[in-house]
Asks: 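Below is a structure I'd like to ask you about.
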Amino acid sequence: MSIPDTIVWLANFPATHAYEMVFLGSCSAMGLIGLALRRGPSRSRLEQLRIERGLRIVAQTRSWSFVALALVVLAGLAIALASLLFGPITRGCIYDHGVRADTIVDDEGGSFETVTFDAENGTRYTLNLPFFSPVTYPDRDATATGTDPLVVRYLPGHPQAYVVDTRESLDSWGEPIGE
């Protein structure tokens, strides 16, 4: 596992779940920032005892942890907003550095919402196929369903980060090739 692949893998979650992350980021970032900036004298006896005994470091550590958490949430919000505007922003990197795999279509449990493929280490992955932020590349407007035989590209160290390869899976109209 390389560090750039890990960063792309971490950024891929807010990129492919953009609507959820915009809601989560916008609702929780303000609360986290409020908790991080909470200052002022506390009138409780417990807080006065903490100040007298030098235990103020606990409150300072808590404040810094809320700042760090708020930065992570705001970064996820920025990635999600960019992905809503331009499509998942991690698709190109995954496509360029990914390993090719064919999806497995089973007639019994096939679903429009998932793709199943075997990684090069032999592990079988069944992953979500997002509807609102499609993970298709290079044709961003192609429609892919989990019931079609597709070709995916995934990061070797992080197979959860994948894209549907539209050059090998779909024609320009979004229909499977060969039909």
Side-chain angles (χ1 to χ4, degrees), residues 1-40 57-101 103 111-117 119-121 123-146 150-166 169-170 174:
M1 287 188 257
S2 67
I3 292 175
D5 283 353
T6 303
I7 291 170
V8 169
W9 172 65
L10 288 171
N12 191 52
F13 183 82
T16 57
H17 297 85
Y19 283 98
E20 295 95 338
M21 288 302 296
V22 166
F23 177 74
L24 176 72
S26 61
C27 291
S28 63
M30 292 304 139
L32 289 170
I33 291 170
L35 287 171
L37 297 177
R38 191 171 124 191
R39 305 241 190 262
I57 191 74
V58 173
Q60 191 67 28
T61 305
R62 187 177 340 145
S63 176
W64 283 106
S65 63
F66 281 127
V67 167
L69 188 57
L71 289 175
V72 168
V73 169
L74 288 172
L77 176 63
I79 292 170
L81 283 173
S83 295
L84 280 177
L85 294 173
F86 308 112
I89 60 174
T90 56
R91 293 186 295 191
C93 186
I94 295 170
Y95 182 82
D96 291 341
H97 302 288
V99 176
R100 183 189 186 282
T103 59
S111 171
F112 290 106
E113 300 158 353
T114 61
V115 294
T116 303
F117 63 91
E120 58 186 8
N121 64 1
T123 305
R124 180 167 287 182
Y125 290 91
T126 300
L127 302 170
N128 183 28
L129 185 62
F131 178 74
F132 291 112
S133 302
V135 289
T136 55
Y137 193 82
D139 184 11
R140 296 178 179 171
D141 298 327
T143 303
T145 64
L150 303 171
V151 174
V152 296
R153 293 189 181 275
Y154 65 92
L155 292 177
H158 304 285
Q160 301 86 358
Y162 75 96
V163 295
V164 175
D165 186 351
T166 58
S169 300
L170 308 167

Asks: Work out which heavy atom in Leu127 is nearest to a heavy atom in Pro159; give both atom names and the distance.
Replies: CD1-O, 3.5 Å
Asks: Without swapping roles, check the side chain of Thr123 against the backbone of Ala119 for a donor-acceptor pair under 3.5 Å.
Replies: no
Asks: Looking at CG of Leu84 and CD1 of Ile79, how far apart are the two atoms once the value is rounded to the nearest 0.5 Å?
Replies: 12.5 Å
Asks: Measure across Thr16 and Pro88 and return the closest heavy-atom pair with its distance rounded to 0.1 Å.
Replies: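 Here Thr16 and Pro88 meet closest at CG2-CB, 4.4 Å.
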Asks: So do the side chains of Asn128 and His17 get within less than 4.5 Å of each other, counting heavy atoms only?
Replies: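 In short, these two side chains touch, coming nearer than 4.5 Å.
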Asks: Could you measure the distance from the OH atom of Tyr137 to the SG atom of Cys93? Nearest 0.5 Å is fine.
Replies: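 Atom-to-atom, Tyr137:OH and Cys93:SG are 10.0 Å apart.
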Asks: Find out whether Ser63 and Leu37 are in side-chain contact, i.e. whether some heavy atom of one side chain is under 4.5 Å from a heavy atom of the other.
Replies: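 In short, these two side chains do not touch, never coming nearer than 4.5 Å.
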Asks: Could you check if a side-chain atom of Leu129 sits within less than 4.5 angstrom of a side-chain atom of Tyr162, using non-hydrogen atoms only?
Replies: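 Of all side-chain heavy-atom pairs linking Tyr162 with Leu129, at least one is under 4.5 Å.
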Asks: Do you know which two heavy atoms are closest between Thr90 and Val8, and how far apart they sit?
Replies: CG2-O, 3.9 Å
Asks: Looking only at heavy atoms, which two atoms of Tyr154 and Ile94 are closest? And how far apart?
Replies: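 Taking Tyr154 first and Ile94 second, the nearest heavy atoms are CA-CG2, 4.3 Å.
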Asks: Calculate, to the nearest 0.5 Å, the distance between atoms CE and CG belonging to Met21 and Leu81 respectively.
Replies: 10.0 Å
Asks: Looking at every non-hydrogen atom in both residues, tell me the closest pair between His158 and Asp5 and how far apart they are.
Replies: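 Taking His158 first and Asp5 second, the nearest heavy atoms are CD2-O, 3.7 Å.
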Asks: Within this structure, what is the CG-CG distance for the pair Leu155 and Asp96, rounded to the nearest 0.5 Å?
Replies: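 Interatomic distance, Leu155 CG to Asp96 CG, rounded to 0.5 Å: 10.5 Å.
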Asks: Is it true that a side-chain atom of Thr103 and a backbone atom of Leu150 form a donor plus acceptor pair closer than 3.5 Å?
Replies: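 Pair found, side chain donor or acceptor close to backbone of Leu150.
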Asks: Donor-acceptor check, side chain of Ser83 to backbone of Ala18, threshold 3.5 angstrom: yes or no?
Replies: no
Asks: Rounded at 0.5 Å granularity, tell me how far CD1 in Ile7 sits from OG in Ser2.
Replies: 9.0 Å
Asks: Do you know which two heavy atoms are closest between Asp165 and Arg153, and how far apart they sit?
Replies: OD2-NE, 3.1 Å
